[in-house]
Amino acid sequence: MTTSTGRAALSAGSSGRSVSLRVAVVGGSIGGLTAALLLRDLGCDVHVHERSHAELDARGAGIAVLDATVRYFRERGGVDPDGFCSRTSAIRYLWPDGSCRHRIDHAYRFSSWNAIYRELLALLDADRYHLGREMTAFTTDDDGARVAFADGSTEDVDLLVAADGINSITRERLFPAATSRYAGYVAYRGTLAEGELTDAAFAELRDAITYQVITDSHVLVYPIPGPGGTTVPGERLANFVWYRNVADGEPLDRLLAGRDGAERRVSVPPGMLTDEAVDEFRGTARRELAPPIAEVVAGAEQPFVQAVYDIEVPAMTSGRVAVLGDAAFAVRPHAAAGTAKAADDAWALVDALHDHGVADGGEVTAALAAWERGRLAVGRRLLERCRDIGRRSQVDNTWDPADPTLIFGLHGPGR
(Lines give C-alpha, C1' and ligand atoms only; values in the text may rest on other atoms or scores of the structure.)
Protein backbone atom coordinates (compact mmCIF):
# COMPACT_ATOMS: atom_id res chain seq x y z
CA MET A 1 0.00 0.00 0.00
CA THR A 2 1.29 3.48 -0.77
CA THR A 3 0.94 6.67 1.17
CA SER A 4 -1.07 9.61 -0.20
CA THR A 5 2.07 10.82 -1.94
CA GLY A 6 2.59 7.44 -3.57
CA ARG A 7 6.14 7.08 -2.27
CA ALA A 8 5.91 4.49 0.49
CA ALA A 9 8.40 1.66 0.35
CA LEU A 10 7.18 -1.74 -0.80
CA SER A 11 6.50 -4.16 2.02
CA ALA A 12 8.59 -7.30 2.28
CA GLY A 13 5.53 -9.28 3.37
CA SER A 14 5.96 -11.72 6.21
CA SER A 15 9.64 -10.90 6.63
CA GLY A 16 8.73 -7.64 8.28
CA ARG A 17 11.45 -5.81 6.41
CA SER A 18 10.66 -2.63 4.49
CA VAL A 19 12.21 -2.83 1.03
CA SER A 20 11.88 -1.15 -2.32
CA LEU A 21 12.01 -2.81 -5.71
CA ARG A 22 15.06 -1.30 -7.39
CA VAL A 23 14.20 -0.24 -10.94
CA ALA A 24 16.31 1.30 -13.69
CA VAL A 25 14.40 3.00 -16.51
CA VAL A 26 16.59 3.41 -19.58
CA GLY A 27 15.34 6.27 -21.74
CA GLY A 28 13.99 9.52 -20.36
CA SER A 29 11.34 10.36 -22.92
CA ILE A 30 7.55 10.47 -22.39
CA GLY A 31 7.19 6.71 -21.97
CA GLY A 32 10.17 6.43 -19.66
CA LEU A 33 9.04 9.33 -17.51
CA THR A 34 5.50 7.98 -17.23
CA ALA A 35 6.85 4.59 -16.19
CA ALA A 36 9.17 6.15 -13.63
CA LEU A 37 6.41 8.24 -12.07
CA LEU A 38 4.07 5.26 -11.79
CA LEU A 39 6.78 2.97 -10.41
CA ARG A 40 7.73 5.63 -7.88
CA ASP A 41 4.09 5.90 -6.82
CA LEU A 42 3.99 2.12 -6.40
CA GLY A 43 6.86 2.46 -3.94
CA CYS A 44 9.78 1.43 -6.12
CA ASP A 45 13.26 2.90 -5.83
CA VAL A 46 13.34 4.02 -9.45
CA HIS A 47 15.93 5.98 -11.41
CA VAL A 48 15.81 7.16 -15.03
CA HIS A 49 18.97 6.99 -17.13
CA GLU A 50 18.97 9.17 -20.25
CA ARG A 51 21.86 9.03 -22.70
CA SER A 52 21.57 12.69 -23.74
CA HIS A 53 23.69 15.16 -21.81
CA ALA A 54 20.92 17.77 -21.91
CA GLU A 55 17.18 17.70 -21.39
CA LEU A 56 15.45 16.29 -24.45
CA ASP A 57 14.08 18.46 -27.23
CA ALA A 58 11.88 17.23 -30.07
CA ARG A 59 12.38 20.58 -31.81
CA GLY A 60 8.75 21.64 -31.79
CA ALA A 61 7.16 18.43 -33.05
CA GLY A 62 3.41 18.53 -32.57
CA ILE A 63 1.41 15.52 -31.40
CA ALA A 64 -2.23 14.61 -31.05
CA VAL A 65 -2.92 13.97 -27.39
CA LEU A 66 -4.95 10.87 -26.56
CA ASP A 67 -6.30 10.18 -23.09
CA ALA A 68 -3.56 7.70 -22.19
CA THR A 69 -0.87 10.30 -22.90
CA VAL A 70 -2.21 12.66 -20.23
CA ARG A 71 -3.74 10.10 -17.86
CA TYR A 72 -1.00 10.63 -15.28
CA PHE A 73 -1.66 14.36 -15.11
CA ARG A 74 -5.39 13.84 -14.55
CA GLU A 75 -5.21 10.97 -12.08
CA ARG A 76 -1.98 11.53 -10.17
CA GLY A 77 -0.24 14.76 -11.11
CA GLY A 78 -2.92 17.30 -10.28
CA VAL A 79 -2.19 19.07 -13.57
CA ASP A 80 -4.89 20.19 -16.00
CA PRO A 81 -3.88 19.07 -19.52
CA ASP A 82 -5.73 22.05 -20.98
CA GLY A 83 -2.91 24.17 -19.63
CA PHE A 84 -0.52 22.74 -22.22
CA CYS A 85 -2.89 21.41 -24.91
CA SER A 86 -4.82 23.20 -27.60
CA ARG A 87 -8.26 21.96 -28.59
CA THR A 88 -10.12 21.69 -31.87
CA SER A 89 -13.77 20.84 -32.44
CA ALA A 90 -13.86 19.54 -36.02
CA ILE A 91 -12.14 17.40 -38.65
CA ARG A 92 -12.11 19.05 -42.06
CA TYR A 93 -10.90 17.95 -45.49
CA LEU A 94 -10.16 20.46 -48.22
CA TRP A 95 -10.16 20.22 -52.00
CA PRO A 96 -7.12 21.64 -53.81
CA ASP A 97 -8.95 24.94 -54.38
CA GLY A 98 -9.49 25.32 -50.63
CA SER A 99 -13.20 24.49 -50.59
CA CYS A 100 -14.50 22.08 -47.98
CA ARG A 101 -14.66 18.47 -49.13
CA HIS A 102 -15.86 16.93 -45.87
CA ARG A 103 -16.46 18.01 -42.27
CA ILE A 104 -17.48 16.28 -39.06
CA ASP A 105 -17.70 17.50 -35.49
CA HIS A 106 -15.04 15.72 -33.46
CA ALA A 107 -12.95 17.11 -30.61
CA TYR A 108 -9.21 16.55 -30.36
CA ARG A 109 -6.42 17.76 -28.10
CA PHE A 110 -3.04 18.72 -29.51
CA SER A 111 0.23 19.69 -27.90
CA SER A 112 3.94 19.60 -28.55
CA TRP A 113 6.20 16.75 -27.55
CA ASN A 114 8.35 19.22 -25.63
CA ALA A 115 5.43 20.53 -23.56
CA ILE A 116 4.34 17.09 -22.37
CA TYR A 117 7.91 15.99 -21.69
CA ARG A 118 8.62 19.02 -19.54
CA GLU A 119 5.38 18.70 -17.59
CA LEU A 120 6.17 15.06 -16.78
CA LEU A 121 9.78 15.87 -15.91
CA ALA A 122 8.61 18.52 -13.43
CA LEU A 123 6.68 15.83 -11.52
CA LEU A 124 9.69 13.54 -11.05
CA ASP A 125 12.21 14.14 -8.28
CA ALA A 126 15.27 15.75 -9.85
CA ASP A 127 17.64 13.27 -8.19
CA ARG A 128 15.90 10.39 -9.98
CA TYR A 129 16.59 11.66 -13.51
CA HIS A 130 20.17 11.23 -14.70
CA LEU A 131 21.48 12.80 -17.90
CA GLY A 132 24.55 11.59 -19.75
CA ARG A 133 23.91 7.98 -18.69
CA GLU A 134 24.17 5.87 -21.83
CA MET A 135 23.53 2.17 -21.33
CA THR A 136 26.11 0.13 -23.22
CA ALA A 137 25.29 -3.39 -22.02
CA PHE A 138 23.11 -5.37 -19.66
CA THR A 139 22.63 -8.89 -18.37
CA THR A 140 19.47 -10.33 -16.90
CA ASP A 141 18.09 -13.44 -15.24
CA ASP A 142 15.11 -14.35 -13.07
CA ASP A 143 16.59 -12.52 -10.09
CA GLY A 144 17.47 -9.14 -11.58
CA ALA A 145 19.58 -7.25 -14.07
CA ARG A 146 22.98 -5.63 -14.19
CA VAL A 147 23.23 -2.47 -16.29
CA ALA A 148 26.54 -1.10 -17.60
CA PHE A 149 26.96 2.53 -18.64
CA ALA A 150 29.36 4.35 -20.94
CA ASP A 151 31.06 6.05 -17.99
CA GLY A 152 32.22 2.63 -16.74
CA SER A 153 29.73 2.33 -13.91
CA THR A 154 27.32 -0.55 -13.35
CA GLU A 155 24.08 -0.86 -11.46
CA ASP A 156 22.32 -3.94 -10.10
CA VAL A 157 18.53 -3.70 -10.13
CA ASP A 158 15.50 -5.89 -9.61
CA LEU A 159 13.86 -4.68 -12.82
CA LEU A 160 15.12 -2.98 -15.98
CA VAL A 161 12.50 -1.02 -17.94
CA ALA A 162 13.69 -0.29 -21.48
CA ALA A 163 12.09 2.84 -22.90
CA ASP A 164 14.98 3.65 -25.20
CA GLY A 165 12.96 4.43 -28.30
CA ILE A 166 13.00 3.48 -31.94
CA ASN A 167 16.77 2.95 -31.96
CA SER A 168 16.59 0.78 -28.83
CA ILE A 169 19.82 -0.97 -27.88
CA THR A 170 17.73 -3.20 -25.62
CA ARG A 171 15.60 -4.47 -28.48
CA GLU A 172 18.70 -4.94 -30.63
CA ARG A 173 20.33 -7.14 -27.99
CA LEU A 174 17.26 -9.13 -26.94
CA PHE A 175 15.47 -9.48 -30.28
CA PRO A 176 18.04 -9.01 -33.08
CA ALA A 177 15.61 -10.28 -35.73
CA ALA A 178 13.15 -7.45 -34.94
CA THR A 179 14.65 -4.98 -37.40
CA SER A 180 13.12 -1.75 -38.67
CA ARG A 181 11.13 -1.96 -41.90
CA TYR A 182 10.88 1.25 -43.91
CA ALA A 183 7.27 2.00 -44.86
CA GLY A 184 8.16 3.64 -48.18
CA TYR A 185 7.40 7.21 -47.17
CA VAL A 186 8.53 10.04 -44.95
CA ALA A 187 6.81 12.72 -42.91
CA TYR A 188 7.80 16.31 -43.61
CA ARG A 189 7.04 18.36 -40.52
CA GLY A 190 7.21 21.95 -39.38
CA THR A 191 5.39 24.84 -37.74
CA LEU A 192 4.37 28.39 -38.53
CA ALA A 193 3.22 30.97 -35.99
CA GLU A 194 -0.51 31.61 -36.30
CA GLY A 195 0.27 35.31 -36.20
CA GLU A 196 2.01 34.96 -39.56
CA LEU A 197 -1.03 33.46 -41.28
CA THR A 198 -3.35 35.52 -43.41
CA ASP A 199 -6.75 36.17 -41.85
CA ALA A 200 -8.36 33.79 -44.32
CA ALA A 201 -5.97 30.92 -43.53
CA PHE A 202 -6.27 31.46 -39.78
CA ALA A 203 -10.05 31.37 -39.99
CA GLU A 204 -9.90 28.07 -41.90
CA LEU A 205 -7.41 26.35 -39.60
CA ARG A 206 -7.97 27.72 -36.10
CA ASP A 207 -10.56 25.24 -34.77
CA ALA A 208 -10.00 22.06 -36.78
CA ILE A 209 -7.54 19.42 -37.76
CA THR A 210 -7.43 20.06 -41.50
CA TYR A 211 -6.57 17.38 -44.04
CA GLN A 212 -5.96 17.20 -47.74
CA VAL A 213 -5.66 13.91 -49.60
CA ILE A 214 -3.73 13.93 -52.87
CA THR A 215 -2.40 11.14 -55.07
CA ASP A 216 -0.13 8.81 -53.06
CA SER A 217 -0.03 11.32 -50.20
CA HIS A 218 -1.88 13.22 -47.53
CA VAL A 219 -1.18 16.23 -45.32
CA LEU A 220 -2.68 17.48 -42.07
CA VAL A 221 -2.48 20.76 -40.15
CA TYR A 222 -3.48 21.42 -36.55
CA PRO A 223 -2.76 24.04 -33.85
CA ILE A 224 -0.32 23.33 -31.01
CA PRO A 225 0.79 25.52 -28.09
CA GLY A 226 2.98 28.43 -29.04
CA PRO A 227 6.15 29.82 -27.46
CA GLY A 228 5.96 29.69 -23.69
CA GLY A 229 3.13 27.16 -23.91
CA THR A 230 0.36 29.58 -24.79
CA THR A 231 -2.85 28.01 -26.08
CA VAL A 232 -4.52 31.31 -27.00
CA PRO A 233 -5.80 31.21 -30.61
CA GLY A 234 -3.69 33.53 -32.71
CA GLU A 235 -0.65 33.01 -30.47
CA ARG A 236 -0.21 29.29 -31.10
CA LEU A 237 1.68 27.44 -33.81
CA ALA A 238 0.15 25.81 -36.88
CA ASN A 239 1.78 22.38 -37.11
CA PHE A 240 1.84 20.36 -40.31
CA VAL A 241 2.65 16.73 -41.16
CA TRP A 242 2.93 15.83 -44.84
CA TYR A 243 3.42 12.18 -45.81
CA ARG A 244 5.30 11.76 -49.08
CA ASN A 245 6.60 8.63 -50.78
CA VAL A 246 10.38 8.37 -51.10
CA ALA A 247 11.97 5.27 -52.58
CA ASP A 248 14.24 3.24 -50.34
CA GLY A 249 17.95 3.19 -51.11
CA GLU A 250 19.72 6.14 -52.70
CA PRO A 251 16.73 8.59 -52.76
CA LEU A 252 16.01 8.08 -49.05
CA ASP A 253 19.69 8.09 -48.11
CA ARG A 254 20.24 11.35 -49.98
CA LEU A 255 17.27 13.02 -48.28
CA LEU A 256 18.30 11.89 -44.79
CA ALA A 257 21.93 12.90 -45.33
CA GLY A 258 20.88 16.54 -45.19
CA ARG A 259 23.15 19.47 -45.84
CA ASP A 260 26.06 18.02 -43.84
CA GLY A 261 26.04 14.61 -45.54
CA ALA A 262 25.75 12.73 -42.26
CA GLU A 263 24.51 9.14 -42.19
CA ARG A 264 21.06 9.13 -40.59
CA ARG A 265 18.54 6.34 -40.12
CA VAL A 266 15.42 8.11 -38.93
CA SER A 267 15.26 11.89 -39.15
CA VAL A 268 16.84 15.11 -40.37
CA PRO A 269 16.66 17.83 -37.70
CA PRO A 270 15.35 21.35 -38.34
CA GLY A 271 17.74 23.46 -40.36
CA MET A 272 19.59 20.46 -41.82
CA LEU A 273 17.56 19.67 -44.93
CA THR A 274 19.33 20.62 -48.14
CA ASP A 275 18.18 23.74 -49.96
CA GLU A 276 17.26 21.50 -52.88
CA ALA A 277 14.94 19.38 -50.73
CA VAL A 278 13.31 22.41 -49.11
CA ASP A 279 12.80 24.19 -52.44
CA GLU A 280 11.28 21.06 -53.97
CA PHE A 281 8.72 20.41 -51.26
CA ARG A 282 7.77 24.09 -50.92
CA GLY A 283 7.28 24.34 -54.65
CA THR A 284 5.14 21.20 -54.67
CA ALA A 285 3.11 22.56 -51.75
CA ARG A 286 2.31 25.76 -53.62
CA ARG A 287 1.24 23.83 -56.71
CA GLU A 288 -0.75 20.97 -55.16
CA LEU A 289 -1.98 21.92 -51.70
CA ALA A 290 -5.05 23.94 -50.76
CA PRO A 291 -4.14 27.59 -50.13
CA PRO A 292 -4.48 27.56 -46.30
CA ILE A 293 -2.45 24.37 -46.01
CA ALA A 294 0.15 25.51 -48.54
CA GLU A 295 0.56 28.72 -46.54
CA VAL A 296 1.64 26.73 -43.48
CA VAL A 297 3.80 24.21 -45.32
CA ALA A 298 5.64 26.72 -47.52
CA GLY A 299 5.95 29.23 -44.69
CA ALA A 300 7.55 26.96 -42.10
CA GLU A 301 11.03 28.34 -41.52
CA GLN A 302 12.86 25.15 -40.53
CA PRO A 303 11.01 22.05 -41.76
CA PHE A 304 12.37 18.65 -40.93
CA VAL A 305 11.84 15.06 -42.05
CA GLN A 306 11.20 11.77 -40.29
CA ALA A 307 11.31 8.44 -42.11
CA VAL A 308 8.36 6.18 -41.28
CA TYR A 309 9.15 2.68 -40.01
CA ASP A 310 7.40 -0.41 -38.72
CA ILE A 311 9.00 -2.38 -35.90
CA GLU A 312 7.45 -5.48 -34.34
CA VAL A 313 8.96 -7.56 -31.55
CA PRO A 314 8.28 -11.25 -30.83
CA ALA A 315 8.35 -10.60 -27.08
CA MET A 316 8.49 -7.67 -24.66
CA THR A 317 10.24 -9.29 -21.71
CA SER A 318 13.34 -11.34 -21.02
CA GLY A 319 14.31 -12.22 -17.48
CA ARG A 320 13.81 -9.05 -15.46
CA VAL A 321 13.65 -6.73 -18.49
CA ALA A 322 10.46 -5.08 -19.77
CA VAL A 323 10.54 -3.31 -23.15
CA LEU A 324 7.90 -0.65 -23.80
CA GLY A 325 6.87 2.10 -26.20
CA ASP A 326 8.78 2.52 -29.45
CA ALA A 327 11.50 0.24 -28.11
CA ALA A 328 9.02 -2.59 -28.65
CA PHE A 329 6.48 -1.66 -31.32
CA ALA A 330 7.21 1.39 -33.45
CA VAL A 331 4.05 2.15 -35.41
CA ARG A 332 3.23 4.60 -38.17
CA PRO A 333 1.76 7.84 -36.80
CA HIS A 334 -1.65 7.55 -38.46
CA ALA A 335 -3.55 6.61 -35.28
CA ALA A 336 -1.70 9.33 -33.31
CA ALA A 337 -1.05 6.65 -30.70
CA GLY A 338 2.74 6.47 -30.31
CA THR A 339 3.07 8.40 -27.06
CA ALA A 340 -0.26 7.03 -25.83
CA LYS A 341 0.92 3.45 -26.34
CA ALA A 342 4.14 4.11 -24.42
CA ALA A 343 2.19 5.61 -21.52
CA ASP A 344 -0.40 2.82 -21.64
CA ASP A 345 2.38 0.23 -21.59
CA ALA A 346 3.66 1.86 -18.41
CA TRP A 347 0.25 1.87 -16.71
CA ALA A 348 -0.30 -1.78 -17.62
CA LEU A 349 3.15 -2.71 -16.28
CA VAL A 350 2.49 -1.16 -12.89
CA ASP A 351 -0.98 -2.74 -12.77
CA ALA A 352 0.59 -6.15 -13.40
CA LEU A 353 3.20 -5.64 -10.67
CA HIS A 354 0.44 -4.61 -8.27
CA ASP A 355 -1.93 -7.42 -9.24
CA HIS A 356 0.78 -10.05 -8.75
CA GLY A 357 1.51 -8.83 -5.26
CA VAL A 358 5.03 -7.66 -5.91
CA ALA A 359 4.62 -5.34 -2.93
CA ASP A 360 4.18 -8.44 -0.77
CA GLY A 361 6.97 -10.51 -2.24
CA GLY A 362 5.17 -11.70 -5.37
CA GLU A 363 7.11 -12.87 -8.41
CA VAL A 364 8.26 -10.08 -10.70
CA THR A 365 8.76 -12.48 -13.62
CA ALA A 366 5.17 -13.73 -13.32
CA ALA A 367 3.94 -10.15 -13.40
CA LEU A 368 6.05 -9.42 -16.47
CA ALA A 369 4.70 -12.50 -18.26
CA ALA A 370 1.11 -11.42 -17.65
CA TRP A 371 1.90 -7.85 -18.77
CA GLU A 372 3.60 -9.09 -21.93
CA ARG A 373 0.62 -11.12 -23.12
CA GLY A 374 -1.71 -8.14 -23.12
CA ARG A 375 0.77 -5.64 -24.54
CA LEU A 376 1.81 -7.84 -27.45
CA ALA A 377 -1.83 -8.01 -28.50
CA VAL A 378 -2.22 -4.21 -28.25
CA GLY A 379 0.97 -3.57 -30.20
CA ARG A 380 0.12 -6.00 -32.99
CA ARG A 381 -3.39 -4.61 -33.47
CA LEU A 382 -2.15 -1.04 -33.58
CA LEU A 383 0.68 -1.88 -35.96
CA GLU A 384 -1.67 -3.56 -38.43
CA ARG A 385 -4.22 -0.75 -38.21
CA CYS A 386 -1.60 1.90 -38.96
CA ARG A 387 -0.18 -0.14 -41.83
CA ASP A 388 -3.66 -0.36 -43.32
CA ILE A 389 -4.24 3.40 -43.07
CA GLY A 390 -0.85 4.11 -44.63
CA ARG A 391 -1.59 1.72 -47.48
CA ARG A 392 -4.86 3.47 -48.25
CA SER A 393 -3.18 6.87 -48.44
CA GLN A 394 0.24 6.22 -49.88
CA VAL A 395 -0.35 3.24 -52.18
CA ASP A 396 -3.97 2.32 -52.90
CA ASN A 397 -5.46 5.84 -52.98
CA THR A 398 -8.59 4.56 -51.23
CA TRP A 399 -8.59 7.00 -48.30
CA ASP A 400 -12.21 8.01 -47.67
CA PRO A 401 -12.65 11.14 -45.52
CA ALA A 402 -16.02 9.85 -44.31
CA ASP A 403 -14.53 6.58 -43.02
CA PRO A 404 -14.86 6.60 -39.19
CA THR A 405 -12.00 4.11 -38.83
CA LEU A 406 -9.59 6.97 -39.59
CA ILE A 407 -10.38 8.64 -36.25
CA PHE A 408 -7.33 8.70 -33.97
CA GLY A 409 -7.20 6.18 -31.14
CA LEU A 410 -4.96 3.71 -29.33
CA HIS A 411 -7.34 0.77 -28.97
CA GLY A 412 -9.40 1.57 -32.05
CA PRO A 413 -10.97 4.64 -33.66
CA GLY A 414 -11.87 7.11 -30.93
CA ARG A 415 -10.75 4.73 -28.18
Side-chain angles (χ1 to χ4, degrees), residues 58-64 91-96 101-102 108 110 113 166 180-192 205 208-222 224 238-248 251-252 254-256 264-270 273 277-278 280-290 292-294 296-298 300 303-311 326 330-339 382-401 403 405-409 413:
R59 301 175 177 91
I63 59 173
I91 301 171
R92 298 176 70 246
Y93 284 80
L94 301 183
W95 290 110
R101 175 181 179 182
H102 182 77
Y108 279 133
F110 298 98
W113 186 97
I166 194 168
S180 303
R181 191 174 80 178
Y182 176 53
Y185 52 97
V186 303
Y188 279 85
R189 308 191 65 164
T191 60
L192 180 68
L205 303 173
I209 177 171
T210 304
Y211 286 86
Q212 184 180 345
V213 179
I214 56 181
T215 303
D216 295 336
S217 180
H218 73 287
V219 60
L220 53 153
V221 177
Y222 51 84
I224 65 172
N239 179 90
F240 79 86
V241 186
W242 187 7
Y243 297 100
R244 304 184 69 199
N245 294 349
V246 176
D248 200 1
L252 179 64
R254 185 173 68 249
L255 177 64
L256 294 181
R264 298 183 175 91
R265 293 178 56 194
V266 178
S267 63
V268 183
L273 281 171
V278 173
E280 186 278 328
F281 101 90
R282 283 177 174 165
T284 304
R286 294 186 180 102
R287 289 191 306 272
E288 299 187 9
L289 301 185
I293 297 175
V296 176
V297 174
F304 59 102
V305 164
Q306 296 172 324
V308 178
Y309 288 95
D310 295 327
I311 301 176
D326 284 350
V331 300
R332 306 181 195 189
H334 307 308
T339 57
L382 182 62
L383 183 67
E384 185 51 42
R385 180 177 171 226
C386 292
R387 282 174 173 164
D388 177 65
I389 294 173
R391 238 181 345 256
R392 291 191 235 172
S393 166
Q394 305 301 123
V395 180
D396 298 339
N397 291 297
T398 56
W399 182 298
D400 178 2
D403 185 350
T405 66
L406 298 175
I407 299 292
F408 294 157

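Using a 4.5 Å heavy-atom cutoff, the side chains of Phe240 and Ile293 are not in contact. Thr284 has its side chain within reach of Trp242: a pair of non-hydrogen atoms, C-beta onward, lies under 4.5 Å apart. By the 4.5 Å heavy-atom criterion applied to side chains, Asp400 and Val213 are not counted as neighbours. In this structure the side chain of Ile214 never reaches within 4.5 angstrom of the side chain of Val219, judged on heavy atoms. Contact annotation: the side chain of Phe281 never approaches that of Val305 to less than 4.5 Å [non-hydrogen atoms, C-beta and beyond]. Counting heavy atoms from C-beta outward, Arg265 and Ser180 have side chains that approach closer than 4.5 Å. Residues Pro333 and Val241 have side chains not in contact (no heavy-atom distance under 4.5 Å, counting atoms from C-beta outward). Contact check for Ile311 versus Asp326: no side-chain heavy atoms found under the 4.5 Å cut-off.
Salt bridge status for Arg385 with Asp388: absent, with no side-chain N to carboxylate O gap under 4.0 Å.
Listed by chain and number, the residues in a salt bridge (Lys or Arg N to Asp or Glu O under 4.0 Å) with Arg181 are Asp310 (sequence neighbours excluded).
Between the side chain of Tyr108 and the backbone N or O of Phe408, at least one donor-acceptor pair lies under 3.5 Å. The backbone N or O of Leu255 lies less than 3.5 Å from no partner atom in the side chain of Arg264, so there is not a single donor-acceptor pair.
The aromatic rings of His334 and His218 sit tilted, their planes meeting at an angle between 30° and 60°. Ring orientation note: the planes of Phe110 and Tyr222 are close to parallel, at an angle under 30° on the 30°/60° scale.
Here Leu94 contributes atom CG and Leu205 contributes atom CG; the two are 7.5 Å apart, rounded to the nearest 0.5 Å. Distance CD/Gln306 to OH/Tyr188: 12.5 Å, rounded to 0.5 Å. For the atom pair CZ (Arg92) and CZ (Arg101), the distance works out to 13.5 Å, reported to the nearest 0.5 Å. Asp216 contributes atom CG, which lies 16.0 Å from atom OH of Tyr243 (distance to the nearest 0.5 angstrom).
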Should Arg392 and Leu406 be marked as a side-chain contact (heavy atoms from CB on, under 4.5 Å) after you check the CA-CA gap, both sets of side-chain angles, and the distance that decides it? CA-CA 10 Å; Arg392 291 191 235 172; Leu406 298 175; 3.9 Å; yes
Run Asn239 and Leu220 through side-chain contact (heavy atoms from CB on, under 4.5 Å) and show every step you take. CA-CA 8 Å; Asn239 179 90; Leu220 53 153; over 6 Å; no
Could you go step by step and tell me if Arg332 and Tyr185 meet the side-chain hydrogen bond (donor to acceptor under 3.5 Å, both in side chains) rule? CA-CA 10 Å; Arg332 306 181 195 189; Tyr185 52 97; 3.2 Å; yes
